[in-house]
Each structure stands twice: as C-alpha cells, then as structure tokens.
Colleague: 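Here you go, one structure.
Because only heavy atoms are used, hydrogens play no part in the values below, and waters and symmetry mates are left out as well, while side chains stay in. Chain letters run A, B, ... following the sequence lines, proteins first and then strands; every chain starts at 1.
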Protein chains: 2
Amino acid sequence: MEARRDVFQAIADPTRRAIIGMIAKEPVNVNTIAEQFEVSRQAVSLHLKILSECGLLNIKQSGRERLCEAKLEKLNEVHEWVEQYHKLWKGRLNALKQFVEQEEIQAKHMNSDKKEY
Amino acid sequence: MEARRDVFQAIADPTRRAIIGMIAKEPVNVNTIAEQFEVSRQAVSLHLKILSECGLLNIKQSGRERLCEAKLEKLNEVHEWVEQYHKLWKGRLNALKQFVEQEEIQAKHMNSDKKEY
DNA sequence: ATATTATGCAAGTATTTGCTTGCAAATATA
DNA sequence: TATATTTGCAAGCAAATACTTGCATAATAT
C-alpha cells in the first residue's frame, strides 16, 4: 500500500478532505479525529499517514498522544494548478459578460434611435 | 470500473491533469490527445471518459472525430475548497510577517535608544 | 503494579484503478 | 466499392486503495 503520494492524490479522498477540515484551525489528536468518522480508527490512522507522507500533516508527539496539525501551505500546489485555469475561465466569463452588455446597449439604441416597428 | 466520480478524483491522476492542460485553450480530438502520451489510445480514452463523466469535459461529435472541450468551470468546486484554506494560511503568513516587522522595529529602538548588546 | 488509554503494525480481503490487446462500427477517401 | 481512419466496447490483469480485525507497545491513571 504505497505508490504515488502527492497532494492531488491525498485530497481526492473525501474522508481525507474532511480530516483536513477538522484540523485546519487547530491541532487535534488521532483518537478525537477517528471518533468523528464511521470507519475504524485504523482506517483513519491510515488516512493520517497518507496525509502526513505527502506533507499536508505534521504529527507532534505529546506524551502518549499524537497531535495532528495541518500544513495548509502544502495545498499551494493545488491552488496554483487550479488558479491558472480559474483565470482562464473567469476571463472567458468576463468577455461573455461584456459582450452581452454591449448587445444590451446596442439593443437600447435600436429602440430609442430608430424606433423600429 | 465505476464508482466515486467527482472532480477531486478526476484531477488526482497526473495524466488527466495533463489532458486538461492540453485542451484548456481549444478543443482537441481524441487521437491527437492520445498521441501525446506514452500509454495506449484506449487508456487515454478511458481517462477522457472519466473526465467527461465528472463534467470536466464535453465531447462534440464531428464526423468520425470527437472533439474534446474542457469545461474549466467545473474546477470551481476544487477552487472553492482550496480557497478557504488559502485564505487561512495566507492570513497566518501575514500575521507572522507583521509580527517579524514589529520585532525589527523594536530591535532598532533597542539599538538606538539603549545601545544594548 | 495494574488497568486504561492512545496508537502503531501486520495480515487478509473486496473494490477500484490504470493498462493492454483484440475486435467491431461508423465515417472518409481513393 | 475497397481501404484507411477514428473511436468505442469488452475481457483480462497487476497494482493500489480502503477497510477490517487482532495483537503489540508505550504512557497515564489508579
């Protein structure tokens, strides 16, 4: 059970995204995280391991507990990848918007200037 | 070969991300896409099917060819998910930056006012 | 010291992935 | 019409995933 291990792969799983959501604000220990999910503690533990292996999670030992802390900066890779396309599609939407507005203006002129039919 | 089919899952695969990159600017037909990759046409075809099933891709039949067009807006789901954490980590970085600057100012005062060392 | 708590590690399994090869169907071209 | 081109569909397979249960270990609490 080990192979490609990157951020994109890591966040593909809904449980792992939920885990990130849980620990984004402040570190939480393993059992507390596990209790929130239907699946077994072992399953959650594996998810934590995966998150940790790809750098999205930092585990700090504190006595017999382990605090899991999110390293959100690691999401930057995803952020940048999506952002390039976000710019593209936003740009297209804006172009479309302007086109529609232009049409509206022209339509008004058609009405007021020429008073057709 | 069918189960969870969402955008996060779709972009988890590097080949599929590359395909999106290829067709982001303009539609491309299946074979042209397949030629760009080491894997077989069938493998690429399957990736296209997955991208299409989760709405990231639109296929337009044109004679015997099929043009694959990216529907980048579908990435919005990912964009929004990442963006919430992006704000969080950027906020923290800024807070840290301000803290450091504050320290620098105080250090200067220490130097000029008290001449300690 | 003993029981309890918080976790990890290992073995085993069902499902999903990612690929490949071979064959069929539809459209275009000579 | 015969042939080439562009794809899809299906069967088969190895590797990866996501889980589970059971057992081991280390730190606390009693």
Colleague: Could you tell me whether the phosphate oxygens of C:dT7, OP1 or OP2, come under 4.0 Å of any side-chain nitrogen or oxygen in A:Asn29?
Modeller: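 Affirmative; the distance criterion is met.
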
Colleague: Rounded to the nearest angstrom, tell me the gap between atom CZ in B:Phe37 and atom P in C:dT20.
Modeller: 13 Å

Colleague: Please tell me if the side chains of B:Asn94 and B:Phe99 come closer than 4.5 Å, counting only heavy atoms from C-beta onward.
Modeller: no

Colleague: Taking the inter-plane angle between the rings of B:His79 and A:Trp89 on a 0 to 90° scale, is it parallel (under 30°), tilted (30 to 60°) or perpendicular (over 60°)?
Modeller: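 B:His79 vs A:Trp89 ring planes: perpendicular.
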
Colleague: Parallel, tilted or perpendicular: which fits the ring planes of A:Trp81 and A:Phe8, with parallel below 30° and perpendicular above 60°?
Modeller: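 Aromatic pair A:Trp81/A:Phe8 classed perpendicular.
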
Colleague: Rounded to the nearest Å, what distance is computed from the CG atom of residue A:Leu57 to the P atom of nucleotide C:dT7?
Modeller: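 Taking atom P of C:dT7 as the reference, CG of A:Leu57 is at 12 Å.
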
Colleague: List the atom of B:Met22, the atom of B:Thr32, and the distance in Å for their closest heavy-atom pair.
Modeller: CE-O, 4.1 Å

Colleague: Among the nucleotides D:dG8, D:dT20, C:dA6, which one has an atom lying closest to any side-chain atom of A:Ser40?
Modeller: D:dT20

Colleague: In whole angstrom, what separates A:Asn31's CG from C:dT7's C1'?
Modeller: 7 Å

Colleague: Counting heavy atoms from C-beta on, name the nucleotide in C:dG18, D:dT7, D:dC19 closest to the side chain of B:Val30.
Modeller: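 Looking only at heavy atoms from C-beta outward on B:Val30, the closest nucleotide is D:dT7.
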
Colleague: Between D:dT7 atom P and B:Lys60 atom NZ, what is the distance in whole Å?
Modeller: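 Atom NZ in B:Lys60 sits about 14 Å away from atom P in D:dT7.
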
Colleague: Would you give a per-nucleotide map of nucleotides 22-30 of chain D, 5' to 3', where B means the base has a protein non-hydrogen atom under 4.0 Å away, S means only the sugar-phosphate does, and - means neither?
Modeller: B----BS--

Colleague: If you assign each of B:Leu67 and A:Ala43 to its closest nucleotide in DNA chain D, which residue comes earlier from the 5' end?
Modeller: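 Per heavy-atom nearest nucleotide, the more 5' residue is B:Leu67.
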
Colleague: What is the distance, to the nearest angstrom, from the CD1 atom on A:Ile11 to the P atom on D:dA18?
Modeller: 13 Å

Colleague: Counting only N and O atoms by type, is there a donor-acceptor contact under 3.5 Å from the side chain of B:Arg16 to the main-chain atoms of B:Ala10?
Modeller: yes

Colleague: With respect to the phosphate group of C:dT17, does any side-chain polar atom (N or O) of B:Arg5 fall under 4.0 Å of OP1 or OP2?
Modeller: yes

Colleague: Grab the CG-P distance between B:Asp13 and D:dA16 for me, whole Å please.
Modeller: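 Atom CG in B:Asp13 sits about 14 Å away from atom P in D:dA16.
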
Colleague: Is B:Val82 reachable from B:Leu56 through a run of I, L, V, M, F, W or Y residues, each pair having side-chain heavy atoms under 4.5 Å apart?
Modeller: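 Both belong to a single hydrophobic cluster.
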
Colleague: Can you tell me how far P of D:dG8 sits from CG of B:Leu48, to the nearest Å?
Modeller: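 Those two atoms, CG and P, are 8 Å apart.
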
Colleague: Round to the nearest Å and state the distance from B:Leu46 atom CG to D:dC13 atom P.
Modeller: 18 Å

Colleague: Count the heavy atoms of every other residue, nucleotide or ligand shown that sit under 6.0 Å from CD of A:Glu38, and state whether that count exceeds 12.
Modeller: no

Colleague: Taking only the side-chain heavy atoms of A:Gln9 (C-beta and beyond), determine which of D:dT7, D:dT17, C:dT17 contains the nearest atom.
Modeller: D:dT17

Colleague: For B:His47 and C:dT17, is the shortest distance between a side-chain N/O and OP1 or OP2 below 4.0 Å?
Modeller: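 Looking at the OP1 and OP2 atoms of C:dT17, neither is under 4.0 Å from any side-chain N or O of B:His47.
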
